[in-house]
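Written out below as structure tokens is the structure these notes cover.
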Amino acid sequence: MTVRTRFAPSPTGFLHIGGARTALFSWAFAKRHHGSFILRVEDTDVARSTPEAVQAILDGMHWLGLSYDEGPFYQMQRMPRYKEVLQKMLDEGTAYYCYAGKEELEALRESQMQQGLKPRYDGRWRPEAGKLLPAPPQDAAPVIRFKNPQDGEVVWDDLVKGQIRIANKELDDLIIARADGTPTYNFCVVVDDNDMGITQVIRGDDHVNNTPRQINLLQALGATVPQYAHLSMILGDDGQKLSKRHGAVSVMQYDEEGYLPEAVLNYLARLGWSHGDDEIFSMKQFCAWFDLDHITPSAAQFNTEKLKWLNAHYIKLASDERLVADISKRLAQMGVAVTALPDLSGVIALYKERVHTLNELAESIAYFYKKPEIDAIAAEKHFNQEIKPAMERLLQHLERVEWTAEEIHHAVSEVVAAFALKFPKVAMPLRVMLTGTAQSPSIDQVMCLLGRDEVLARIKAVQL
RNA sequence: GUCCCCAUCGUCUAGAGGCCUAGGACACCUCCCUUUCACGGAGGCGACCGGGGUUCGAAUCCCCGUGGGGACGCCA
């Protein structure tokens with residue numbers, strides 16, 4: 001059977017890291033088995049769903065390169081189909097009208113909680129052979145409930161967690177259509193998964209409790225039950241649960257912060273899944289290797305340090321053209337205008353092996369296009385009267401030396417030798433004058449890229 | 001409260017009864033490279049939640065604790 005997986009977000013916010021991993025795993029599983037990956041937008045909560053959120057999710061998936069073979073399908077556009085199935089269930093007696101109002105149910109829940117019971121619908125409107133139902137109230141619009149089996153248990157072999165069994169006694173007759181007639185989540189999922197021929201449902205851990213209800217629903221419809229794989233959640237860097245008010249960020253924020261999508265993807269792939277000792281791999285390799293057997297059932301804590309390490313790796317691998325395009329944008333956002341010279345490509349090549357994020361890269365090369373502010377501490381440490389003669393001599397050399405890193409290096413060396421100094425004694429103040437800080441790549445290469453005029457100007461601008 | 005799930009270095013993980021004196025990666029520490037800072041290279045520190053079983057043998061299987069998480073909506 002052809003594998004068909006789906007990612008089914010509800011558009012009530014951005015695509016966060018947990019959702020992205022769920023999507024990634026579903027996507028990779030489909031790829032691995034040459035199947036189809038379907039995107040379905042679960043927007044039946046009209047009050048909370050927004051078109052902006054739909055767009056944010058689409059943007060996030062696009063940035064990560066998680067393309068879908070079918071969809072996006074929108075549940076709100078499938079109403080006629082849901083109504084049809086609802087009617088069928090009513091006709092077949094697997095669903096029934098319930099007139100219990102919200103306040104009535106609220107009171108029921110409360111009393112059950114007080115008795116230490118699990119709050120459940122007590123089946124007061126559930127039709128049963130020989131049972132006398134109350135007369136339906138005139139003015140109240142009923143909800144539709146699913147007639148859940150009362151005995152036995154639901155068992156499934158979760159592809160991640162192993163066999164899970166839940167007694168039907170623990171379940172109640174869930175509402176599948178609201179008083180206004182709109183269907184609810186569990187019902188829509190079941191109809192859609194069935195209609196779309198989903199073979200493996202790969203989703204978050206928080207749906208484990210919905211699974212037995214969905215299996216019962218599926219069976220009531222005479223549908224095939226798919227396989228389920230429940231992924232554990234991702235915790236924040238601090239080990240705390242990610243939530244809107246704590247730590248949850250859009251995947252697009254990683255873009256803003258200077259992470260490459262392949263780094264985020266590689267990191268996410270390795271979070272909760274493993275392939276022996278492999279740490280760094282492409283999506284192509286991932287898709288060839290991915291399986292559900294090597295997913296950890298326990299929750300994983302996010303580790304930004306490791307993401308940075310991967311990001312540094314992928315920055316080193318990135319082509320200069322790609323980095324030039326990206327870094328130009330970031331510099332522009334910082335208000336730094338990139339000029340033809342110094343050559344941005346050369347500057348990036350000099351720095352790309354030293355940084356962990358693209359923002360760090362942009363920030364560390366800004367001084368090539370904008371006079372740096374001299375770091376006071378560095379200046380105090382390296383600027384002094386005794387190097388003045390050496391600097392003056394160096395200036396003379398630099399006026400006429402052939403402008404290559406090698407020749408510049410010779411010039412500095414000559415001055416160092418002439419004044420019987422150690423190399424850093426000259427190189428350090430030079431570095432501070434030119435870059436503003438005491439850390440930079442090889443100073444002769446920096447000078448070479450900066451250009452003779454700018455180098456001379458920056459040295460002359462400093463009062464020792 | 002009830003039900004469900006989870007448990008190996010600080011973190012991500014390898015581990016399917018003997019290959020485990022528990023392996024790799026990030027981080028951290030030391031050294032090397034060096035023109036500063038990085039990068040890179042070589043080392044080091046560091047874990048099987050506790051208790052009972054089963055077995056010749058358990059990180060691996062079972063039970064009980066403990067701890068963590070999730071779910072109990074006319075949300076998804």
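Protein chains get the first letters and strands the later ones, always in sequence-line order, with residue 1 at the start of each.
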I want to verify a distance call: between B/G70, B/C75, B/A7, whose nearest atom is closest to the A/Pro297 side chain? B/A7
Within the 4.0 Å heavy-atom criterion, would you say A/Gly272 contacts the bases, only the backbone, or no part of the nucleic acid? sugar-phosphate
Which letters describe nucleotides 22-35 of chain B, given B = protein heavy atom under 4.0 Å from base, S = only from sugar-phosphate, - = neither? -BBBSS-------B
Can a donor-acceptor pair be found between the side chains of A/Asp192 and A/Tyr82 at a distance below 3.5 Å? yes
Kindly assign one of parallel, tilted or perpendicular to the pair A/Trp289 and A/His275, based on the angle between their ring planes and the thresholds 30° and 60°. parallel
Would you mind reading off the distance between A/Arg120 atom CZ and B/G73 atom P, rounded to a whole angstrom? 11 Å
Parallel, tilted or perpendicular: ring planes of A/Phe290 versus A/Trp273, cut at 30 and 60 degrees: tilted
Between A/Arg431 and A/Thr435, do the side chains contain a donor N or O and an acceptor N or O under 3.5 Å apart? no
For the C1' atoms, the ones on B/C45 and on B/C9, what distance do you get once it is rounded to whole angstrom? 10 Å
Whole-Å distance separating the NE2 atom of A/His294 from the C1' atom of B/U8: 16 Å
Whom does B/U11 pair with, Watson-Crick or G-U wobble, provided both distances fall under 3.5 Å? B/A25
Contact class for A/Lys422 vs. all strands (heavy atom < 4.0 Å): base, sugar-phosphate, or nothing? nothing
Mate of B/G18 where both pairing distances stay under 3.5 Å, Watson-Crick or G-U: B/C56
Which atom names give the shortest non-hydrogen contact between A/Ser319 and A/Lys352, and what distance separates them? C-NZ, 4.5 Å
Within 45 degrees of the axis of the six-membered ring of A/Tyr121 and under 6.0 Å from its centre: does A/Arg145 put its NZ or CZ there? yes
If you assign each of A/Ile175 and A/Lys161 to its closest nucleotide in RNA chain B, which residue comes earlier from the 5' end? A/Lys161
At under 4.0 Å between heavy atoms, what does A/Thr44 touch on the DNA or RNA strands: base, sugar-phosphate, or nothing? sugar-phosphate
Give the residues of residues 96-107 of chain A touching RNA chain B, defined as any heavy atom closer than 4.0 Å, sorted by residue number. A/Ala100, A/Gly101, A/Lys102
For B/G50, which nucleotide is its Watson-Crick or G-U wobble mate, given both distances must be under 3.5 Å? B/C64
For A/His207, answer base if it contacts any base atom (sugar-phosphate contacts may also be present), sugar-phosphate if it contacts only those atoms, and nothing otherwise; contact means non-hydrogen atoms under 4.0 Å. base
Gap between atoms CG and P, on A/Asn186 and B/A71 respectively (whole Å): 13 Å
Roughly, in whole Å, what's the span from CH2 in A/Trp273 to P in B/A14? 10 Å
In a check of side-chain contact (heavy atoms from CB on, under 4.5 Å) between A/Tyr314 and each of A/Val264, A/Leu265, A/Asn266, which one passes? A/Asn266
CG of A/Asp291 versus C1' of B/A14: gap in Å, rounded? 14 Å
For nucleotides 1-4 of chain B, print each protein N/O atom paired with a nucleotide N/O atom at under 3.5 Å, atom names and distance only.
| unit_1 | atom_1 | unit_2 | atom_2 | d |
| --- | --- | --- | --- | --- |
| B/G1 | O2' | A/Gly116 | O | 2.3 |
| B/C3 | O4' | A/Glu170 | OE1 | 3.4 |

Just how far, in rounded Å, is C1' of B/G41 from CD of A/Glu353? 14 Å
Between C1' of B/A76 and CG of A/Asp192, the distance in whole Å: 13 Å
Which atom pair, heavy atoms only, marks the closest approach of A/Ala263 to A/Leu307? O-CD2, 3.9 Å
Which part of the nucleic acid does A/Ala438 contact within heavy-atom distance under 4.0 Å: base, sugar-phosphate only, or nothing? base
Among side-chain atoms of A/Ser442 and A/Asp444, is any donor-acceptor pair under 3.5 angstrom? yes
Can a side-chain donor-acceptor contact be found between A/Asn216 and A/Asn168 if the only test is distance below 3.5 angstrom? yes
So what does A/Lys308 touch, heavy atoms closer than 4.0 Å: a base, only the sugar-phosphate, or nothing? nothing
Is A/Thr94 close to A/Leu217 at the side-chain level, that is, under 4.5 Å between some pair of heavy atoms? no
Would a 4.5 Å heavy-atom cut-off, applied to side chains only, mark A/Glu279 and A/Arg270 as touching? yes
Which part of the nucleic acid, if any, lies within contact of A/Ser274, taking any heavy atom under 4.0 Å across all strands shown: a base, the sugar-phosphate backbone alone, or nothing? sugar-phosphate
Do the rings of A/Phe302 and A/Tyr254 sit parallel, tilted or perpendicular, given the 30° and 60° boundaries? tilted
Interatomic distance, A/Asp173 CG vs B/C72 P [rounded to whole Å]: 17 Å
Can you tell me, in whole Å, how much space there is between the P of B/A59 and that of B/G53? 15 Å
Rounded distance in Å between the C1' positions of B/G24 and B/A47: 14 Å
Under the 3.5 Å rule, do the base of B/A71 and the side chain of A/Asn210 count as making a donor-acceptor pair? no
Hunt down the Watson-Crick or G-U wobble partner of B/C39, both distances under 3.5 Å, from any strand shown, or write none. none
Ignoring backbone atoms, test whether A/Lys352 places a side-chain nitrogen or oxygen under 4.0 Å from the OP1 or OP2 oxygen of B/C39. no
Could you identify the nucleotide paired to B/A71, looking across every strand shown and requiring Watson-Crick or G-U wobble geometry with both distances under 3.5 Å? B/U2
Counting C-beta onward and ignoring hydrogens, is there a side-chain heavy-atom pair between A/Tyr97 and A/Val143 closer than 4.5 Å? no
Pick base, sugar-phosphate or nothing for A/Thr296, based on heavy-atom distances below 4.0 Å to the nucleic acid. sugar-phosphate
